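Here the structure comes first, spelled out in structure tokens, and everything after it is commentary.
Note that the structure is a prediction, hence the values are computed from the model and not measured. FYI, the numbering just counts along the sequence from 1. Every number for a ligand or one of its atoms is a count from 1 in the order of the listing.
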Amino acid sequence: MLNDPRSHGLWEMTAPPAPDTVAFSGKADADVVIVGGGYTGFSAALHLAERGTRVVLLEGAEIGYGGSGRNVGLVNAGMWVMPDELPGVLGDVYGSRLLDVLGNAPRLVFDLVEKHGIDCEINPAGTLHCAVGQSGLDELKQRAEQWSRRGAPVRLLDAAETATKVGTDAYAGALLDMRAGTIQPLAYARGLARAAIAAGAQVFTGSPVTGAERNGARWTVKTARGDVTADWVIVATNAYTVSPWNVVRTELVHLPYFNFATVPLSAEMQARILPERQGAWDTKEVLSSFRFDKRGRLVFGSVGALRGTGLGIHKAWARRSLRKLFPGIGDVAFEAEWYGKIGMTADNLPRFHRLADNVVGFSGYNGRGIAPGTVFGRTLAELVSGRIAEADLPLPVTDPQAQSFRSAREGYYELGAQVAHFAGARF
Ligand SMILES: Cc1cc2nc3c(=O)[nH]c(=O)nc-3n(C[C@H](O)[C@H](O)[C@H](O)COP(=O)(O)OP(=O)(O)OC[C@H]3O[C@@H](n4cnc5c(N)ncnc54)[C@H](O)[C@@H]3O)c2cc1C
């Protein structure tokens with residue numbers, strides 16, 4: 001995207017085309033202006049437009065330019081934080097609301113895909129969180145017990161069943177989560193955009209918002225070639241925020257994450273690795289993830305940025321790791337490589353912000369934004385159209401808190417990933 005093959009890689013090569021859009025110019029009046037064209041923005045736009053609300057969405061680059069077009073495509077339920085810990089962090093009311101909302105969020109993704117006929121390689125076959133060693137298994141046992149107690153369709157697999165489902169004996173077990181699945185992430189973002197436009201939303205790309213001004217009870221947001229005036233502003237810029245709501249960005253530490261996509265594997269390897277086509281990742285701190293696309297390419301990723309010395313180090317690591325995990329795979333070629341920035345909050349939980357009167361947004365999905373972005377977009381639509389009150393949200397209102405030593409920590413993660421993946425490191 002924007003002439004960078006390492007921005008969206010395989011997803012850009014294989015996604016259906018984006019709907020036709022142009023840059024905004026002139027003046028417009030709307031009920032709601034949405035800034036940012038990822039899952040959060042388009043889900044909000046779709047749910048608002050479906051109820052007849054006049055919506056203008058302004059995207060600074062292209063549809064799915066941010067995390068929504070670059071991710072692994074694991075449609076996860078829940079967050080990193082253990083279910084039992086959430087009430088302690090957020091209080092009982094918000095803790096149980098958030099668990100409920102996020103536990104059911106993949107269902108909304110699957111339902112929207114079906115309802116709008118979105119062509120995005122959807123596969124609700126579940127996900128496998130794979131245990132590395134005894135400590136990984138202990139963590140997954142706790143997750144399994146805590147989610148099962150809440151009635152979630154999860155199951156802890158032993159090492160033998162994991163080996164059959166993953167195609168390697170590298171793991172001590174795995175947590176199978178049948179609420180979850182995989183999608184082609186950019187295709188989903190483009191499909192949501194198409195559905196929002198069909199419902200009546202006006203979508204503009206190449207239109208970065210550069211400022212916002214109070215205009216009586218309303219807001220005027222500015223782009224290089226024109227202004228939109230609206231009653232509400234939804235800020236859906238998240239980890240890819242460029243001004244004017246830069247506070248959203250300063251609250252997040254960017255964690256780089258890359259993916260390599262192999263050429264389509266042989267029929268034998270496609271039958272051996274992830275035969276039921278779950279999406280998978282492991283319990284390591286510098287984690288690895290892998291999943292197939294519909295043509296049988298294996299998408300293999302981990303923490304790191306594919307630039308400078310990182311490119312060679314991470315590519316060599318990916319080759320070594322694939323051979324160690326799946327010895328029959330041989331010296332497989334890569335067809336695409338790309339990376340992006342995950343926005344991490346200090347406590348690994350998302351945020352709801354009221355940035356000013358009638359200026360609201362969710363952000364900080366910590367690498368788990370497909371289902372949350374979709375469900376929080378719908379929540380924002382309900383909030384600004386008055387169907388729910390702020391007190392009913394799944395998160396409390398908080399002010400953005402800039403994280404200290406952000407740049408240093410971002411540099412540390414990028415370099416630390418190179419150290420972790422340097423020669424000798426295992427999968
Ligand atoms: C490499 C990677 C792997 C990931 N893997 C997964 C995964 O497997 N599963 C999962 O659930 N999540 C994953 N995530 C996280 C997920 O992709 C994000 O949480 C999600 O896409 C966020 O969606 P969003 O709509 O809130 O923001 P984004 O998709 O980032 O969209 C924000 C948009 O705002 C635009 N913008 C910014 N500033 C302005 C401005 N001033 N004016 C106009 N537009 C502006 C940007 O151009 C961008 O398009 C991953 C993320 C990355 C980067």
query = Quick one: is the NZ or CZ of Arg179 closer than 6.0 Å to the six-membered ring centre of Phe110, and within 45° of its axis?
reply = no
inquiry  = Taking CZ in Arg214 as the centre, count heavy atoms belonging to other residues, nucleotides or ligands within less than 6.0 Å. Is the count above 12?
reply    = yes
inquiry  = Quick check: do Leu48 and Ile34 have side-chain heavy atoms less than 4.5 Å from each other?
reply    = yes
inquiry  = Measuring only between side-chain heavy atoms, which start at C-beta, is His254 closer than 4.5 Å to Arg249?
reply    = yes
inquiry  = What I'd like to find out is whether the side chain of Leu108 reaches to under 4.5 Å of the side chain of Arg378, using heavy atoms alone.
reply    = yes
Pairs under 3.5 angstrom, nitrogen or oxygen on both sides, ligand 1 versus protein: list them out, please.
residue  : atom   : partner : partner atom : Å
ligand 1 : 5 (N)  : Val72   : N            : 3.2
ligand 1 : 8 (O)  : Gly73   : N            : 3.4
ligand 1 : 8 (O)  : Leu74   : N            : 3.1
ligand 1 : 9 (N)  : Leu74   : O            : 2.8
ligand 1 : 11 (O) : Leu74   : O            : 3.3
ligand 1 : 11 (O) : Gly369  : N            : 2.9
ligand 1 : 11 (O) : Ile370  : N            : 2.9
ligand 1 : 12 (N) : Gly367  : O            : 3.1
ligand 1 : 12 (N) : Gly369  : N            : 2.9
ligand 1 : 17 (O) : Gly67   : O            : 3.0
ligand 1 : 17 (O) : Asn71   : ND2          : 3.1
ligand 1 : 21 (O) : Ser68   : N            : 2.9
ligand 1 : 21 (O) : Ser68   : OG           : 2.9
ligand 1 : 23 (O) : Ser68   : OG           : 3.2
ligand 1 : 25 (O) : Tyr39   : N            : 3.0
ligand 1 : 25 (O) : Thr40   : N            : 3.0
ligand 1 : 25 (O) : Thr40   : OG1          : 3.4
ligand 1 : 26 (O) : Thr40   : OG1          : 2.7
ligand 1 : 26 (O) : Asn238  : ND2          : 2.8
ligand 1 : 29 (O) : Gly67   : N            : 3.4
ligand 1 : 29 (O) : Ser68   : N            : 3.0
ligand 1 : 29 (O) : Ser68   : OG           : 2.5
ligand 1 : 30 (O) : Gly67   : N            : 3.0
ligand 1 : 38 (N) : Val242  : N            : 3.0
ligand 1 : 41 (N) : Val209  : O            : 3.1
ligand 1 : 41 (N) : Val242  : O            : 3.0
ligand 1 : 41 (N) : Ser243  : O            : 2.7
ligand 1 : 42 (N) : Val209  : N            : 2.9
ligand 1 : 44 (N) : Gly60   : N            : 2.9
ligand 1 : 47 (O) : Glu59   : OE2          : 2.6
ligand 1 : 49 (O) : Glu59   : OE1          : 2.8
ligand 1 : 49 (O) : Glu59   : OE2          : 3.1
ligand 1 : 49 (O) : Gly66   : N            : 3.3

key: Side-chain ion pair, Arg295 and Glu121, N-O less than 4.0 Å   = no
